[in-house]
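Everything below concerns the one structure shown next.
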Amino acid sequence: MAHQEIKLYQTGTFVAGNRLLDPEQRSVQARMGRSNSLTSGHRACQGCGEALGARYVLDAAMRATDGKMVAVNSTGCLEVFSTPYPESSWQLPWLHSLFGNGPAVAAGVAAALKAKGRDDIRVVGQAGDGGTVDIGFGTLSGMFERNDDVLFVCYDNEGYMNTGVQRSGATPPAARTANTKPVGDEPGNVFGQGKFVPAIAMAHEIPYVATATVAELRDLEYKVEKAMTFRGARYIHVFVPCPLGWGAASSDTIRLSRLAKETGVFPVFEAEHGEVTEVSTIRRRVPVEEYLTLQKRYAHLFGPAGRPDIVARLQATADRNIARYGLLAPDEEPAGPGVAQDVAGEGAV
Amino acid sequence: MLEQIEGSQAVAKAVTLCRPEVIAAYPISPQTHIVESLSDRVRTGELAGCEYMMVESEFGAMSACIGASAAGARTYTATSSQGLLFMAEALFNASGLGLPIVMTVANRAIGAPINIWNDHSDSMAMRDSGWIQLFAESNQEAVDLHIQAYRLAEALSVPVMVCMDGFVLTHAFERVDLPEQAQVDAFLPGFVPQQALDPDDPVTIGAMVGPEAFAEVKYLMHAKQMSALDEIPVIARDFAETFGRDSGGLVRPYRTDDAETIVVSLGSVLGTIEDVVDKMRDEGRTVGVLGIGCFRPWPLDEVRAALAGARRVVVVEKAFAVGAGGIVGQNVRDALRGLPVEVYDVVAGLGGRPITRASLRQVFDQVLAGEVDPRRMHFLDLDVDLVQRELERSRRGGRPGPHAENMLRDIGTVASGAYE
């Protein structure tokens, strides 16, 4: 359309559209000079949140390092869909070793570059949630504890999607996966104690920890660029919906990401040296049902045989996140017109 | 320079002389003295330009080496036993990626039952990991093999494991001729990686390969390993010219010329075996020894040539394949295929049990007297009565409990808890 009304909430946040900005302030993706680190032609599913997240993360990091960068990838969807022999979507030096060792491999690359006096070349490691919170967790914690000069990025789609949607340590309670089916008395995944790796990363008191979603890609770019201003171990945990694994429409990836934040299901914040420094507050708080009902993995919680008791527990989890991270900022609460109808707005990015 | 020095210190010195750029290691006995010494040498600046990474596990150690090597750094680690097994996935990955990492394995038994002492079950478990495996007979050879290992690894872009007997060598003080830096620099050129992560020339390393080319990539791994059979003797010759002593090589025959019986072994026990053979030679028995310096790749032709004239071959090895038999023995049989040579498997020294001259002499005499069945694996110094008593306890039924604890209690090692 020739004319689009500016939505108030787009100003003053990192989701501001490029058309509002001077060329110099435009997003990395909007620049002619973007590196296309993960270039087109790969085989990710339609609406893949991980592919979107990785593209933004790596291009932002490439810009921040002036192209002097190496990427290390753990085994997983991202590795598989990007490198089917003899093709590669990677337009930067890229190494894949194993499922559980991405952080250690990345730390080894960083050590080699330092030994060679080339620590102008920076290292980004990346993995899915399985490679980060489960099988790669030991090497990740070691990398944090040694404060190796690596930015490690987890693309969290809350399950082992590459192997056919099994449960991971990052799968939320009640969610259906291939091995947590809604059968028996406790449908879906168990209610455990949770394994929120950003908080565990903070416990290592590394220089920088951030969470982000693929709904707010300017925010993601900003956090990557900020992470690259630090030396030492840094961690960004990106919430990336998986249409296949979640039973969601490919067109709902951004909507789900935004709802995860607006419900409090996924807290978005930054932390330095173990202390939270910034929180992305909720603009319009919505009940978790709005997030859950868009995904077939929660379908067993709704309808005639639904489980409102479990939905209430999930709401309580979101409420606890809101309280713990201060996701509601009362003074910022009154938002301008245009917000209400556009919580999951398409035009924002 | 001649020094009276502990094996681990000597190896650390040799590794230092090779100027590694990244060392990533996790402590495990009996490898610890090597990596402790290297940590000192990095901290004091004796080993300059090297990053020493204190990783959280052996899996992390090998993984960091993979990253460092792929970034073009000369890389080193050391481990033993459970540590080597914990690396297993990364070992296959390093070889599959063709990364010239050099690793010392201070050979130690594998549990259960947990045991820190020497045998070869760790390296042998990883014999098919795609790593070249060199076995040191002495601390001098351990020193020399590390220097040769870097040259070999980097020439072929293949990882190399230098195996030395834990405690027996690593903790033994022996006279060792330590090379000068200038000699090592002359012998070992700087590392020029065959692939590297370089922003100026970006490549994808570790891509997925399906059935269309997987066999070919694996074939190349095999072909490169086989080419090491040509490369290793050349490197050993060069080494002798530079350093003035023989070290390394594929196999080492000792008094085999007219030998009707040849004992095959590897590692530090070779010295003991040679002593026994000397004694038997004095008594007029035509016995010889073949030391295996390189177990992977398997020097099939050299082994065959060295053993072809013998009537019988006794393989003394510190590991075995449970439920199958000797490991080196199987490889020797493969080398002798079609020849009328009887091969006897003798498993010895498991979990650090001393291999004495008397025991070796006894089993050699038994072989010569036709008292050993070549179709059965023979366990040197096996306490048959102890085994029988434990089997009897198992036959009694009920819940006899764990074998290891029962047998220790039986021989009085564990005093607590009455056994009826």
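A, B, ... follow the sequence lines: proteins, then strands. Residue 1 opens every chain.
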For B:Asn107 and B:Ser123, test the side chains for any donor-to-acceptor distance below 3.5 angstrom and give the result as yes or no.
-> yes
With respect to chain B, which residue among A:Ala111, A:Gly142, A:Gly138 yields the maximal number of heavy-atom pairs within a distance under 4.5 Å?
-> A:Ala111
Checked B:Val203, B:Thr75, B:Ile66 vs chain A; the most non-hydrogen pairs under 4.5 Å come from B:Val203
Is it the backbone or the side chain of A:Val72 that comes under 4.5 Å from a heavy atom of chain B, or both, or neither?
-> neither
Mutual orientation of the aromatic rings belonging to A:Tyr160 and A:Phe99 [parallel < 30°, tilted 30-60°, perpendicular > 60°] = perpendicular
Let me know if B:Leu97 has heavy atoms under 4.5 Å from chain A in its side chain, its backbone, both or neither.
-> side chain
Part of A:Ala106 lying under 4.5 Å from any heavy atom of chain B = neither
Measure distances from B:Ala94 to the heavy atoms of chain A and classify the residue's part below 4.5 Å as side chain, backbone, both or neither.
-> neither
Angle class for the A:Tyr235/A:Phe144 ring planes (parallel below 30°, perpendicular above 60°, tilted otherwise)?
-> perpendicular
Basic-acidic side-chain contact under 4.0 Å: A:Lys226, A:Glu272 = yes
Sort A:Glu87 into side chain, backbone, both or neither according to what part of it lies under 4.5 angstrom from a heavy atom of chain B.
-> neither
Between A:Thr75, A:Val105, A:Val80, which residue shows the highest count of heavy-atom pairs closer than 4.5 Å to chain B?
-> A:Val105
Output yes when A:Asp66 and A:Lys68 qualify as a salt bridge under the 4.0 Å nitrogen-oxygen rule, no when they do not.
-> no
A:Arg122 with A:Asp149: basic N within carboxylate O range, under 4.0 Å = yes
Salt bridge A:Arg63-A:Glu221, side-chain N to carboxylate O under 4.0 Å | no
Does a side-chain N-to-carboxylate-O contact under 4.0 Å join B:Arg74 and B:Glu154?
-> yes
Would you mind checking which part of B:Ala70 comes under 4.5 Å of any heavy atom in chain A, side chain (CB onward), backbone (N, CA, C, O), both or neither?
-> side chain
Is it the side chain or the backbone of A:Leu92 that comes within 4.5 Å of chain B heavy atoms, both, or neither?
-> backbone
Among A:Ser82, A:Ala112, A:Pro93, the residue with the most heavy-atom pairs under 4.5 Å to chain B is A:Pro93
Among side-chain atoms of B:Asn115 and B:Arg108, is any donor-acceptor pair under 3.5 angstrom?
-> no
Of the listed residues (B:Asp198, B:Thr204, B:Val22), which shares the most heavy-atom pairs with chain A below a 4.5 Å separation?
-> B:Thr204
In terms of heavy-atom pairs under 4.5 Å with chain A, which of B:Gly210, B:Ser63, B:Gly96 leads?
-> B:Ser63
